[in-house]
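Numbering starts at 1 and runs along the sequence shown.
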Amino acid sequence: MTLTREAPAITARPPAPRRRSYDGLASAIMVAPATILYVVMLIVPVGLAFYLSLTDWDGFSADPAFVGAANYARLLDDPELQRAALVTLLIATAGTAGLNLLGLGFALLVNGASRANTFFRIVLFYPHVLSALVVGFLWSAILGTTGAINNLVTTWGGQVIPFLSDPTWATVTMIAVLVWAGFGVNVVLYLAGLQAVPHSLIEAARIDGATRRQVFRNVTLPALGPSVTINIVLSLVTLLKTYDLVVSLTAGGPAGQTQTVAYLILWNSFHDARLGFGSAQSVILMLVTGALAFVVTKLRRRGELAVHQ
């Protein structure tokens with residue numbers, strides 16, 4: 001009988017304290033630029049806006065007077081802000097629906113690898129590349145009272161179409177232009193989601209005799225849940241802070257009927273030299289936007305979990 005000796009178990013030595021300190025220092029150095037940028041570009045401006053919202057600063061005086069919550073109290077009784085909030089809410093809801101419906105529809109049309117699909121993807125995304133100010137001036141030249149379309153209409157003996165001179169027409173026109181200018185991003189995001197759908201599931205559904213509509217409803221759409229959530233939240237947040245297109249397309253008219261909250265913030269802050277009041281409006285807009293984004297994300301997550309259960 002031979003005796004064998006078991007080899008002693010080898011245990012890993014804990015890293016030396018000096019090594020851990022070097023690793024922590026290296027991690028801190030790598031994270032520092034992003035952290036500094038985040039603090040300077042986001043935390044500091046938000047804190048400054050909140051401080052200014054408690055003052056009556058006009059943007060020029062060296063010593064703004066502290067007024068406490070007076071600016072926030074004025075927000076509750078400001079009819080102009082209430083109208084702008086309704087316009088903003090209408091733009092955000094209708095625009096979000098339009099962006100996502102068009103984005104998903106065109107994504108389904110140009111899905112797949114081909115030269116034609118590549119060309120149409122570029123065409124669909126191109127309006128987003130243009131500045132919103134340029135888009136507004138462009139459509140103002142087309143849809144204005146003396147624009148290209150109305151010139152053609154009057155030449156043929158018709159009446160001028162009030163695209164930008166009637167409050168209802170102007171609001172609908174602004175939503176349509178916002179959707180036209182922005183849905184290319186939604187197309188790209190939905191295309192990414194479509195390419196992540198397992199092709200085996202689609203093939204299995206087709207083998208079982210499912211129609212295209214059934215495949216889309218029961219296989220493709222549930223798999224697109226995360227993409228739908230991202231698109232809805234991004235669209236909602238973007239539309240809630242719309243101001244540049246308003247500046248170049250309607251200038252808030254007619255008679256201030258197309259003013260959004262973001263446009264009104266800039267108007268009060270710089271045109272009327274009420275930077276403290278405008279800062280209070282911006283703080284409220286930021287809080288409302290964050291709350292809506294949080295609620296929408298939570299609701300969408302619950303819907304996704306319910307579908308997969």
Side-chain angles (χ1 to χ4, degrees), residues 38 42-43 46 49-50 72 75-76 81-109 111 124 128 171-172 174-198 201-202 205 210 212-243 245 260-265 281-309:
Y38 180 81
L42 184 65
I43 302 300
V46 169
F50 179 73
Y72 293 97
L75 296 177
L76 301 176
L81 179 61
Q82 295 172 4
R83 183 176 63 245
L86 290 176
V87 172
T88 304
L89 182 61
L90 177 61
I91 290 174
T93 53
T96 298
L99 286 169
N100 285 276
L101 290 175
L102 282 180
L104 180 56
F106 278 102
L108 292 170
L109 290 175
N111 190 28
L124 293 173
H128 183 72
T171 303
V172 173
M174 188 162 57
I175 294 173
V177 173
L178 282 168
V179 171
W180 175 85
F183 81 98
V185 175
N186 300 82
V187 172
V188 172
L189 293 176
Y190 278 124
L191 281 172
L194 287 171
Q195 293 174 5
V197 177
L201 294 179
I202 298 176
R212 289 186 177 181
R213 181 176 299 179
Q214 291 172 333
V215 171
F216 173 76
R217 185 176 65 250
N218 299 317
V219 178
T220 305
L221 193 57
L224 285 176
S227 298
V228 174
T229 301
I230 292 172
N231 273 289
I232 290 177
V233 172
L234 288 179
S235 301
L236 186 64
V237 170
T238 301
L239 292 172
L240 284 173
K241 56 188 180 124
T242 299
Y243 75 94
L245 187 72
T260 62
V261 174
Y263 178 86
L264 196 60
I265 290 172
Q281 291 175 314
S282 65
V283 170
I284 296 299
L285 178 61
M286 178 185 63
L287 294 177
V288 171
T289 301
L292 286 176
F294 178 79
V295 170
V296 170
T297 302
K298 281 292 184 182
L299 293 176
R300 284 294 311 158
R301 293 299 184 191
R302 288 182 182 179
E304 293 173 22
L305 292 176
V307 168
H308 291 292
Q309 286 179 353

- [ ] May I ask you to test the Met286-Val46 pair for a side-chain heavy-atom distance under 4.5 Å?
- [x] yes
TODO: Find the distance between CG (Leu239) and CG (Leu89) and round it off to the nearest 0.5 Å.
DONE: 11.5 Å
Task: Smallest separation among heavy atoms of Gly103 and Asn186, with atom names - done: CA-CB, 4.0 Å
Open item on the list: Consider side chain to side chain contact (heavy atoms under 4.5 Å, CB included). Of Val296, Thr297, Leu99, which one does Ile232 pass it with?
Closed with: Val296
Open item on the list: If you count heavy atoms of other groups shown closer than 6.0 angstrom to OH of Tyr72, is the number above 12?
Closed with: yes
Task: Gln82 (side chain) donor-acceptor with Leu76 (main chain) under 3.5 angstrom - done: yes
Open item on the list: Could you check whether any side-chain heavy atom of Leu189 comes within less than 4.5 Å of a side-chain heavy atom of Leu234, counting everything from C-beta outward?
Closed with: yes
- [ ] Can you measure from OG1 (Thr93) to CG (Leu240) and round to the nearest 0.5 angstrom?
- [x] 9.5 Å
- [ ] Taking atom CZ of Arg212 as the centre, report whether more than 12 heavy atoms of other residues, nucleotides or ligands fall under 6.0 Å from it.
- [x] no
Task: Spacing of CD belonging to Gln281 relative to CG belonging to Leu264, to within rounding of 0.5 Å - done: 5.0 Å
Open item on the list: Nearest 0.5 Å, please: how far is CG in Leu224 from CD1 in Ile230?
Closed with: 11.0 Å
TODO: Hey, could you give me the CG/OG1 distance between Leu90 and Thr260, rounded to the nearest 0.5 Å?
DONE: 12.0 Å
Open item on the list: For a 4.5 angstrom cut-off between non-hydrogen side-chain atoms, does Tyr263 reach Thr88?
Closed with: no
- [ ] Return the minimal non-hydrogen interatomic distance between Leu194 and Ala107, and the atom names on each side.
- [x] CD1-O, 3.7 Å
Task: Minimum heavy-atom distance between Thr242 and Ala262, given as atom pair plus value - done: O-CB, 3.5 Å
TODO: Give the intermediate values and the outcome of side chain to side chain contact (heavy atoms under 4.5 Å, CB included) for residues Trp180 and Leu102.
DONE: CA-CA 9 Å; Trp180 175 85; Leu102 282 180; over 6 Å; no
Task: Reported CG-to-CG distance for the pair Asn231 and Leu104, which is rounded to 0.5 angstrom - done: 8.5 Å
TODO: Check Gly193 against Ser227 and note the closest heavy-atom contact, atom names and distance.
DONE: CA-OG, 3.3 Å
Open item on the list: Less than 4.5 Å apart, side chain to side chain, heavy atoms only: is that true for Phe216 and Leu108?
Closed with: yes
- [ ] Search all heavy atoms of Val197 against all heavy atoms of Ala223 and return the closest pair with its distance.
- [x] CG2-CB, 3.8 Å
Open item on the list: Ignoring hydrogens, what is the shortest heavy-atom contact between Ile175 and Ala94? Give both atom names and the distance.
Closed with: CD1-CB, 4.0 Å
- [ ] Give the intermediate values and the outcome of side-chain hydrogen bond (donor to acceptor under 3.5 Å, both in side chains) for residues Tyr190 and Asn111.
- [x] CA-CA 9 Å; Tyr190 278 124; Asn111 190 28; over 6 Å; no
